[in-house]
J.: 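Supplied in structure tokens, the structure appears directly below.
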Amino acid sequence: MAEKLQALKQQVCCSIDEAKDKLHGLGDAIWHHPELAYEERHAHDTLVRFFTQEKGWTVEPHYKLETAFRATWGPVGGADGESVVNVGFLCEYDALPSIGHACGHNLIAECGAAAALGLKAALESEEAWPVLIKVTVLGTPAEEDGGGKVDLLQEGSFQDLDVVFMAHPTQKNATYLPAMAIHSVLVKYHGRAAHASAYPWEGVNALDAAVMAYSNISVLRQQFRPDWRIHGVIKHGGVKPNIIPDYTELEYYMRTASHRDLPNITAKAEACFHAAAMATGCEVELLFGKNDFYEVLRNRTLEDLYEENGKALGMKFAIDGFSGSTDFGNVSHAVPGIHPYFYIGSEALNHTAEYTAASGADKAQFYTLRTAKALAMTALDVIFSPDVLDKVKQEFREAKLREEKP
Ligand SMILES: NCCCC[C@H](NC(=O)CCCN)C(=O)O
């Protein structure tokens with residue numbers, strides 16, 4: 001049995017290596033055409049074309065969202081009437097404003113597609129499987145803003161998946177990094193314009209409100225728990241020194257280790273925004289982000305299998321580190337899954353121009369496809385032995401129960 005599984009894993013690796021040029025082409029096409037959240041039309045079309053040209057996939061463009069897609073293969077193996085084991089791989093492909101693919105989501109898309117292709121090839125190489133198997137690729141837009149996965153969860157798109165995989169580029173390989181829960185808010189101050197020299201007393205200064213809000217939050221931060229974060233930018237601060245700004249806009253992200261603390265941090269931040277409005281006489285409007293993201297619910301069974309597979313491919317794993325947030329967090333509360341991180345051959349930091357260059361560099365290819373191999377090999381572990389899937393599901397149920405306790 002063990003030898004057979006090993007041979008299948010070998011097949012995963014060979015198939016991904018054989019497809020490496022077209023996979024590189026896929027990631028490259030997305031990198032060269034960075035698009036913002038919910039606007040990833042080129043990336044969507046590129047991925048839809050890719051899976052349409054591959055044999056055997058049923059492709060649904062614009063799946064529930066304009067720039068989402070679903071590609072499915074199977075079910076194969078097993079006997080009719082048996083329940084299906086549906087393995088999901090996720091592709092992200094949105095970029096950041098001004099700096100392009102500075103978070104390497106082009107590589108996430110490539111990695112998800114490569115893992116799906118590798119797994120399918122291994123499954124095709126074998127006729128008899130103990131269960132019916134299906135492979136699903138979901139193209140999930142808008143991770144950097146909005147949360148396409150949360151939209152798709154609400155649409156029921158994850159309901160039939162048994163296990164779900166994706167991987168995110170960063171400075172090291174890690175089976176897990178503590179992604180934080182996040183809530184975002186757009187703060188708008190409305191004041192009154194006036195000539196800043198001739199009759200400033202007629203004005204109500206919306207920039208003063210923005211600056212006070214920024215300072216209030218900075219003072220508040222000192223009292224935060226070590227695992228809370230709050231950070232913001234002034235997106236609109238006025239237009240000319242001699243016009244008292246009648247409108248300003250800030251955007252803030254509030255993060256906590258658990259989504260249960262988001263209302264707490266939010267209430268404190270809101271008090272800061274309202275205080276600035278009261279002090280300056282401005283009106284304040286608070287517009288909350290479309291979806292809160294949850295922290296990632298771990299599945300150590302899957303993490304351990306992934307690490308074992310990664311090590312067999314030569315990966316070295318870090319055991320700690322930091323991360324931002326991800327809408328995969330919400331997915332992990334609905335379906336067992338993993339969201340490991342991978343090194344791409346560069347020490348550059350995410351969300352910088354240097355990282356954009358690193359995620360488009362040829363050097364990133366080896367690491368991206370190695371990660372895809374490890375994901376597909378882990379999927380094989382789950383498919384190959386019903387006991388493993390039972391263990392994954394049992395751990396998920398227990399984690400949910402612990403998490404739901406008051
Ligand atoms: N609504 C804001 C979402 C921000 C998400 C963003 N994600 C990343 O940087 C990807 C890192 C993966 N953990 C963030 O700022 O955390």
Side-chain angles (χ1 to χ4, degrees), residues 34-40 90-109 111-112 140-154 164-187 227-233 235 250-259 262 265-266 269 286-298 303 318 320-333 337-344 348-356 358-359 368 371:
E35 297 161 304
L36 298 181
Y38 295 114
E39 294 171 11
E40 313 95 325
L90 307 185
C91 295
E92 288 175 9
Y93 31 82
D94 59 330
L96 287 152
S98 311
I99 49 174
H101 276 291
C103 210
H105 291 189
N106 57 310
L107 300 177
I108 299 180
C111 184
T140 62
E143 191 277 338
E144 291 291 353
D145 208 357
K149 293 184 199 63
V150 189
D151 301 332
L152 290 172
L153 273 165
Q154 285 159 1
V164 66
F165 297 97
M166 65 170 286
H168 197 296
T170 190
Q171 294 77 45
K172 50 185 144 194
N173 296 309
T175 54
Y176 164 83
L177 292 177
M180 306 180 82
I182 187 170
H183 174 75
S184 62
V185 61
L186 198 64
V187 185
D227 57 2
W228 285 18
R229 295 278 186 279
I230 187 160
H231 40 93
V233 289
K235 295 184 88 173
L250 304 97
E251 189 172 8
Y252 266 90
Y253 289 172
M254 292 149 253
R255 310 195 198 223
T256 53
S258 162
H259 67 282
L262 287 178
I265 192 174
T266 302
L286 301 180
L287 303 174
F288 301 110
K290 190 173 177 200
N291 295 308
D292 287 350
F293 293 5
Y294 283 17
E295 69 283 0
V296 170
L297 202 63
R298 300 184 71 169
E303 284 177 20
D320 56 9
F322 302 99
S323 172
S325 306
T326 167
D327 54 0
F328 183 86
N330 304 53
V331 174
S332 72
H333 286 248
I338 46 168
H339 179 281
Y341 290 81
F342 62 100
Y343 175 67
I344 61 166
L349 300 175
N350 294 59
H351 290 208
T352 64
E354 291 74 26
Y355 206 80
T356 306
S359 69
T368 303
T371 301

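Predicted, not measured: the structure shown is a model, and the values here were computed from it. In each ligand, atom 1 is the first atom listed, and ligand 1 is the first ligand listed. Side chains included, hydrogens not; waters and symmetry mates left out as well; all remaining heavy atoms used.
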J.: Side chains of residues 174-183: which donor-acceptor partners sit under 3.5 Å, not counting sequence neighbours?
T.:
residue	atom	partner	partner atom	Å
H183	ND1	D292	OD1	2.7

J.: If you have a sec, work out which protein heavy atom is nearest atom 14 (C) of ligand 1 and how many Å separate them, to one decimal?
T.: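 In this structure, atom 14 (C) of ligand 1 has R255 NH1, 3.4 Å as its nearest protein heavy atom.
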J.: Short list, please: which atoms of ligand 1 are under 4.0 Å from a heavy atom of H168?
T.: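 Contacts of ligand 1 toward H168, numbered from 1: 10 (C), 11 (C), 12 (C).
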J.: Y253 and H231: ring-ring contact (aromatic ring centres under 6.0 Å, His included), yes or no, with the steps?
T.: CA-CA 6 Å; Y253 289 172; H231 40 93; 5.8 Å; yes
J.: Looking at every non-hydrogen atom in both residues, tell me the closest pair between T170 and Y341 and how far apart they are.
T.: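 Smallest heavy-atom distance, with atoms named: CG2-CB, 3.4 Å.
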J.: Going by distance only, is there an N or O of E143 that falls short of 3.5 Å from an N or O of ligand 1?
T.: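 Yes.
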J.: Is any NZ, NE, NH1 or NH2 atom of the basic residue among K290 and D151 found under 4.0 Å from an Asp or Glu carboxylate oxygen of the other?
T.: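 Yes, charged N to carboxylate O under 4.0 Å.
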J.: For a quick test of reading the model, state the closest non-hydrogen atom pair linking T368 to F342 and the distance between them.
T.: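 Between these two residues, the closest heavy atoms are OG1-CE1, 3.6 Å.
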J.: For ligand 1, which atoms sit closer than 4.0 Å to a heavy atom of Y253?
T.: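 Once the distances to Y253 are compared, the set is 2 (C).
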J.: In terms of atom number and element, which parts of ligand 1 are under 4.0 angstrom from non-hydrogen atoms of H351?
T.: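 So the answer, numbered in order with elements, is 9 (O).
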J.: Any nitrogen or oxygen of S323, side chain or backbone, less than 3.5 Å from one on ligand 1?
T.: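 Min N/O separation from ligand 1 is below 3.5 Å for S323.
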J.: Polar-atom distance check: T326 versus ligand 1, any N or O pair below 3.5 Å?
T.: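 Looking only at distances, the answer is no, because the N/O contact criterion of under 3.5 Å is not met.
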J.: Can you report which non-hydrogen protein atom sits closest to atom 4 (C) of ligand 1, along with the distance?
T.: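 Answer, as residue, atom name and distance: E144 O, 3.8 Å.
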J.: For M254 and L262, work out which heavy atoms get closest and say how close.
T.: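 Reported closest heavy-atom pair: O-CD2, 3.7 Å.
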J.: Taking 4.0 angstrom as the limit and counting only heavy atoms of G324, give me the atoms of ligand 1 inside it, by number and element.
T.: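 Answer for ligand 1: 13 (N), 16 (O).
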J.: Only counting residues at least two apart or in another chain, list the ones meeting side chain to side chain donor-acceptor pair (under 3.5 Å) with S258.
T.: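 None.
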J.: Verify, without hydrogens or angle tests, whether D94 (side chain) and E144 (backbone) share a donor-acceptor contact under 3.5 angstrom.
T.: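 Confirmed, D94 side chain pairs with E144 backbone.
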J.: For atom 11 (C) of ligand 1, which candidate among S325, G329, G104, G289 holds the nearest heavy atom?
T.: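 It is S325 that holds the nearest heavy atom.
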J.: Any nitrogen or oxygen of D145, side chain or backbone, less than 3.5 Å from one on ligand 1?
T.: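 In fact, backbone or side chain, D145 has no N or O that close.
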J.: Based purely on interatomic distance, does Y341 place a nitrogen or oxygen under 3.5 Å from a nitrogen or oxygen of ligand 1?
T.: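 Yes; at least one N/O pair falls below 3.5 Å.
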